[in-house]
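Input: a single structure, listed below in structure tokens.
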Amino acid sequence: MRRVTLTQFLIEQQRAGRVSADLRLLLEVVARAVKAISVNVSKGALAGVLGEAGTDNVQGEAQKKLDVIANEILLLANEWGGHLAAMASEEVETVHQIPFDYPKGGYLLLFDPLDGSSNIDVNISVGTIFSVLRNPPGGGDPTEQSFLQPGREQVAAGYAVYGPSTQLVLTVGNGVHAFTLDREMGSFIYTHPFMTVPEETQEFAINASNARHWEEPVKRYIGELQEGKGGPRGRDFNMRWVASMVADVHRVLTRGGIFMYPIDEKCRAQGGKLRLMYEANPMAMLIEQAGGAATTGREHILDIIPSKLHQRIPVILGSKSEVDRVTGYHLEG
Ligand code: P6P
């Protein structure tokens, strides 16, 4: 069978008018950066990249060496190409401006360079999440306000999952497509066209150690799943929790499920656990493009008008029938 590469896929999307030449270049550059991150992640102890960096990020979290490495790879890879107006990273407090000696383009790139990095030292899958917005017209250097657009404005979103294989999962608004890294060729090969989230599922993902902090609708919903065949759902359910959003969402995108990091008494003061701009929004675009649903429990994630760059929100996403059910429980009050 003819092997289609990411480059060929993107050229076909450009020919069909779904991506501009600049957006195609942007996605190629991000893919190249992801390959470099994959090389570092897969070397682990052999490259001395495990363990703490000895610094904290803007979230006040201790950075892993690979957090810093992945962030630098993405910033340096994307600065010079002329396709970006600015960047924003989970690891950087303010907007990252394009150095003055490089040309600027019309897109804004946001990313979580290495999500789930607490799993690095125990060799569990981690990932990179990215989101692409248009830079609003108006000249001058982009400000934080330039980035504060609802998720529906995204022109592309995706993630890389560094697992048994490295996969790049991408949408440009025409379905969800996955590419598997062929390390010998150094190419992403098109392996999963038009991924879809099954409407029904028997698998849920939540950090059950937070149960005592959950709101009543979540306690009701999870309780019903745990009652299984003998309870109101009349069937048994299974639970998975990797504590690496990319790994958990990739499983949901691949075989269905519901992924939940709801608001609870523990994270209420921060607004939630997961970040809106470079975790929830890109994942919500992918899930909706794949026929699933993504809400905070009370509203569609992609409709939220952001108030700040590192804003956190509750996240419930995956198989539509389950997301609709638990969102309904929240709206019943
Ligand atoms: P907890 C990783 O730190 C992360 O941001 C997501 O990737 C993951 O889903 C979540 O936090 C795990 O949180 O509370 O289970 O450690």
Side-chain angles (χ1 to χ4, degrees), residues 34 37 41 50-53 55-71 74 88-92 110-131 157-163 166-167 169 203-215 218 222 239-254 257-284 286-287 292 294-297 301 309-318 323:
V34 153
I37 295 171
V41 166
L50 299 183
E52 306 289 329
T55 50
D56 289 351
N57 67 12
V58 62
Q59 326 284 341
E61 296 159 342
Q63 288 178 304
K64 297 288 188 183
K65 286 178 189 165
L66 271 170
D67 282 321
V68 176
I69 291 168
N71 188 53
L74 279 159
S89 166
E90 183 203 34
E91 301 297 332
V92 181
L110 304 92
F111 50 82
D112 180 357
L114 203 67
D115 181 73
S117 54
S118 58
N119 289 305
I120 281 280
D121 298 344
V122 293
N123 203 29
I124 287 173
S125 300
V126 292
T128 297
I129 311 172
F130 63 91
S131 168
Y159 61 81
V161 51
Y162 309 113
T166 286
Q167 290 189 30
V169 180
E203 209 159 52
F204 66 99
I206 193 166
N207 180 341
S209 71
N210 295 325
R212 64 189 180 284
H213 303 300
W214 294 338
E215 296 181 324
V218 174
I222 298 296
M239 195 192 100
R240 289 282 181 276
W241 187 249
V242 182
S244 176
M245 184 185 197
V246 171
D248 280 313
V249 172
H250 189 67
R251 186 190 57 254
V252 168
L253 198 52
T254 305
I258 181 170
F259 169 88
M260 301 174 70
Y261 215 112
I263 198 80
D264 65 31
E265 291 321 309
K266 202 167 81 169
C267 65
R268 185 178 299 282
Q270 294 81 16
K273 163 85 178 194
L274 302 176
R275 289 82 172 182
L276 171 61
M277 298 305 296
Y278 38 77
E279 291 177 338
N281 268 342
M283 291 310 201
L286 287 162
I287 290 292
T295 76
T296 61
I301 287 174
L309 193 57
H310 299 292
Q311 175 176 349
R312 296 171 188 255
I313 61 156
V315 175
I316 297 174
L317 57 78
V323 174

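One-based numbering, in listed order, for ligands and for the atoms of each. Just so you know, these numbers use all the heavy atoms, side chains as well, and skip hydrogens, waters and symmetry mates.
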**OP:** Could you walk me through whether Trp241 and Phe204 pass ring-ring contact (aromatic ring centres under 6.0 Å, His included), step by step?
**Re:** CA-CA 8 Å; Trp241 187 249; Phe204 66 99; over 10 Å; no
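At least one N or O atom of Asn207 sits closer than 3.5 Å to an N or O atom of ligand 1. At a 3.5 angstrom cut-off on N or O pairs, Ser118 does not count as close to ligand 1. Considering backbone and side-chain atoms together, Asp115 places an N or O closer than 3.5 Å to an N or O of ligand 1.
Other residues, nucleotides and ligands place no more than 12 heavy atoms under 6.0 Å from the CG atom of Asn123.
The shortest contact between atom 14 (O) of ligand 1 and any protein heavy atom is with Tyr261 OH, 2.6 Å. Closest to atom 2 (C) of ligand 1, if we only count protein heavy atoms, is Gly116 CA, 3.8 Å. Looking only at heavy atoms of the protein, atom 9 (O) of ligand 1 is closest to Met245 N, 3.4 Å.
Counting heavy atoms from C-beta on, the side chains of Phe130 and Leu74 never come closer than 4.5 Å.
Tyr159 pairs with exactly one of Leu286, Val34, Thr128 by the side chain to side chain contact (heavy atoms under 4.5 Å, CB included) rule, that one being Leu286.
With ligand atoms numbered from 1 in the order given, ligand 1 contributes 7 (O) to contacts under 4.0 Å with heavy atoms of Ser244.
Neither the backbone nor the side chain of Asp248 has any atom closer than 4.0 Å to an atom of ligand 1 (non-hydrogen atoms only). Only the side chain of Arg275 comes within 4.0 Å of ligand 1, judged by heavy-atom distances.
Considering each of Glu90, Lys273, Glu279, the one bringing a non-hydrogen atom nearest atom 10 (C) of ligand 1 is Lys273.
Remark: the Asn281 side chain and the Ser131 side chain contain no N/O donor-acceptor pair separated by less than 3.5 Å. With 3.5 Å as the limit, one finds a donor-acceptor pair spanning the side chains of Asn210 and Tyr261. At a cut-off of 3.5 Å, with distance as the only test, no side-chain donor of Glu52 or Gln63 sits close to an acceptor on the other residue.
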